[in-house]
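Notes follow once the structure below has been shown.
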Amino acid sequence: MADLNEQTLTDAVIEQMASTPDPRMREVMDSLVRHLHAFARDVRLTPTEWLAAIGFLTKVGQTCTPYRQEFILLSDTLGLSRLVNLMDDTANRVGEATETSLLGPFYREASPKFGYGESIAVHAKGPEMMLFGRVVNEAGEGVPDAIVEIWSTDADGTYDLQATSPDVMDMRGQFRTDAEGRYAIRTLVPLGYSIPMDGPVGEMIRAQHRHGMRPGHIHMLIGAEGYRELVTALYLGDDANIGSDTVFGVSESLVVHPKVGMEGSPAPSIPAVHYDFQIARRAAHDTSGRVGADPSKIAAE
């Protein structure tokens, strides 16, 4: 048996894991170990720093609940979520489609169902706005019966999971497009907000002297039979942090500017955004493009 040193240890670990029967797991773990060891050597990681990192990750896990996903928040703020999102889009999107964005840590399944033009602000109060347009395919044809899910903060920059009892759903809902692919959603003008700063991720953000702010935005999840699910968001262009989103979710094509008197708006007296979402056909090998999940589903697994 040969003694191990800084350079030979990595190969010894890889060799011991070589019997992993799942080829994808073997590939991922091989690369993970090589990069992790290279990182430790690169920064000359000390025992004190290693313990601090273990403590940090432990706190991240302990902060997670069925209503809060601190690990997704960590991934978001390190840009990893966006990177996975972009790579998945490149690998699996077939044809042209609206740009994607992050699902985020505040998505919830089984949100309430609403009709055309109804408001998702059941309890929250504040300045209103209207979203309307069509869901179309690559040929520009309306996609009927598409499901359009929406969720956002209230006018104070707070999600329902933060503002009320976790059992109450507000500022989120599901709509279906009509025979011509049209949708209309009444909501509140979302306020830019700080990510949760009361946990270990917030401590990291403060230590890095980052503002921790997200520009005002509205999440959208759109799906239809035979089409690839679209995970995206619309961002308010007048937000001060539109160019420095702390989770790197903004794309120029997703920036909008609500206007009063918008032609075709079901509610012309309030600010409105007309936006047509284009969805692409589903590839045979397609998997979920959701970079995020309902926190309760992760906690239950």
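Scope of the values below: all heavy atoms of this structure, side chains included, with no hydrogens, waters or symmetry mates.
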- Is there side-chain contact between T77 and R210, with at least one heavy-atom pair below 4.5 Å? yes
- Query: side-chain hydrogen bond (donor to acceptor under 3.5 Å, both in side chains) between T8 and N5: does it pass, once the steps are laid out?
  - Reply: CA-CA 5 Å; T8 61; N5 57 43; 3.2 Å; yes
- Verify, without hydrogens or angle tests, whether N241 (side chain) and S244 (backbone) share a donor-acceptor contact under 3.5 angstrom. no
- Task: Report yes or no: does S119 contribute a side-chain atom to a donor-acceptor pair with the main-chain N or O of A121 at less than 3.5 Å?
- Result: yes
- Message: Could you check, using the six-membered ring where one of them is a Trp, whether H37 and H35 have ring centers closer than 6.0 angstrom?
- Response: no
- Using a cut-off of 6.0 Å, state whether more than 12 heavy atoms not belonging to E225 lie near its atom CD. no
- Task: Using a strict cut-off of less than 4.0 Å between a Lys/Arg side-chain nitrogen and an Asp/Glu carboxylate oxygen, indicate whether R176 and D145 qualify as a salt bridge.
- Result: yes
- Task: Take atom CE of M25 as the centre, draw a 6.0 Å sphere, and report whether it contains more than 12 heavy atoms from other residues, nucleotides or ligands.
- Result: no
- Message: Less than 4.5 Å apart, side chain to side chain, heavy atoms only: is that true for Q69 and T63?
- Response: no
- Message: Assess the residue pair F132 and Y275 against the criterion (ring pair (Phe, Tyr, Trp, His ring centres under 6.0 Å)); give the C-alpha distance rounded to whole Å, side-chain angles, the decisive distance to 0.1 Å, and a yes or no.
- Response: CA-CA 6 Å; F132 72 101; Y275 201 96; over 10 Å; no
- Query: What residue among T177, D276, L230 forms side chain to side chain contact (heavy atoms under 4.5 Å, CB included) with V135?
  - Reply: T177
- Message: Would you say R26 and S19 are linked by a side-chain donor-acceptor pair, where the criterion is simply a distance under 3.5 Å?
- Response: no
- Is the closest side-chain heavy-atom distance between T246 and M213 below 4.5 Å? no
- May I ask you to decide if Y227's main-chain N or O and R282's side chain share a donor-acceptor pair within less than 3.5 Å? yes
- Just by modelled atom types, is the S81 backbone N or O under 3.5 Å from a matching donor or acceptor in the D76 side chain? no
- Item | Closest non-hydrogen atom pair, H217 against S152 | O-CB, 3.7 Å
- Query: For the rings on W151 and Y107, is their centre-to-centre separation under 6.0 Å?
  - Reply: yes
- Item | Nearest non-hydrogen partners of A124 and D154, listed with the distance | CB-CB, 3.7 Å
- Fit a plane to each ring of Y159 and Y193, take the angle between them on a 0 to 90° scale, and name the class: parallel (under 30°), tilted (30 to 60°) or perpendicular (over 60°). perpendicular
- Query: Does the ring centre of Y235 sit less than 6.0 Å away from the ring centre of H219?
  - Reply: no
- Looking at side-chain heavy atoms only, is the closest gap between D160 and H123 below 4.5 Å? no
- Item | Shortest non-hydrogen contact from G140 toward R134 | O-NH1, 3.6 Å
- Task: Would you indicate whether the side-chain heavy atoms of L236 and P258 approach each other to under 4.5 Å?
- Result: yes
- Aromatic rings F175 and F114: how do their planes relate, parallel, tilted or perpendicular, breaks at 30° and 60°? parallel
- In short, N137 meets V143 closest at the heavy-atom pair N-CG2, 3.7 Å
- Following the transitive rule for hydrophobic clusters with a side-chain heavy-atom cut-off under 4.5 Å over Ile, Leu, Val, Met, Phe, Trp and Tyr, establish whether V84 and L102 coincide in one cluster. no
- Test side chain to side chain contact (heavy atoms under 4.5 Å, CB included), reference Q174, set I147, V148, I150, output is I147
- Q278-T98 side chain donor-acceptor pair, cut-off 3.5 Å: no
- Query: With a 4.5 Å limit on heavy-atom distance, are the side chains of R68 and P105 in contact?
  - Reply: no
- Task: Drop me the distance from L234's CG to L254's CG, to the nearest 0.5 angstrom.
- Result: 6.5 Å
- Query: So, the side chain of T20 versus the backbone of M17: is there a donor-acceptor pair under 3.5 Å, distance only?
  - Reply: yes
- Kindly indicate whether the side chain of D178, heavy atoms from C-beta on, has any atom under 4.5 Å from the side chain of Y183. no
- Would you say the side chain of Q162 lies within less than 4.5 Å of the side chain of Y67, judging by non-hydrogen atoms? no
- Just wondering, are more than 12 heavy atoms of other shown residues or ligands nearer than 6.0 Å to CD in Q208? yes
- Message: Run M220 and F277 through side chain to side chain contact (heavy atoms under 4.5 Å, CB included) and show every step you take.
- Response: CA-CA 10 Å; M220 312 289 285; F277 294 97; 3.9 Å; yes
- Query: Taking T100 as the fixed residue, which of T232, N85, D88 is the one that meets the side chain to side chain donor-acceptor pair (under 3.5 Å) rule?
  - Reply: N85
- Query: Roughly how far, to the nearest 0.5 Å, is CD1 of I54 from CD of E49?
  - Reply: 13.0 Å
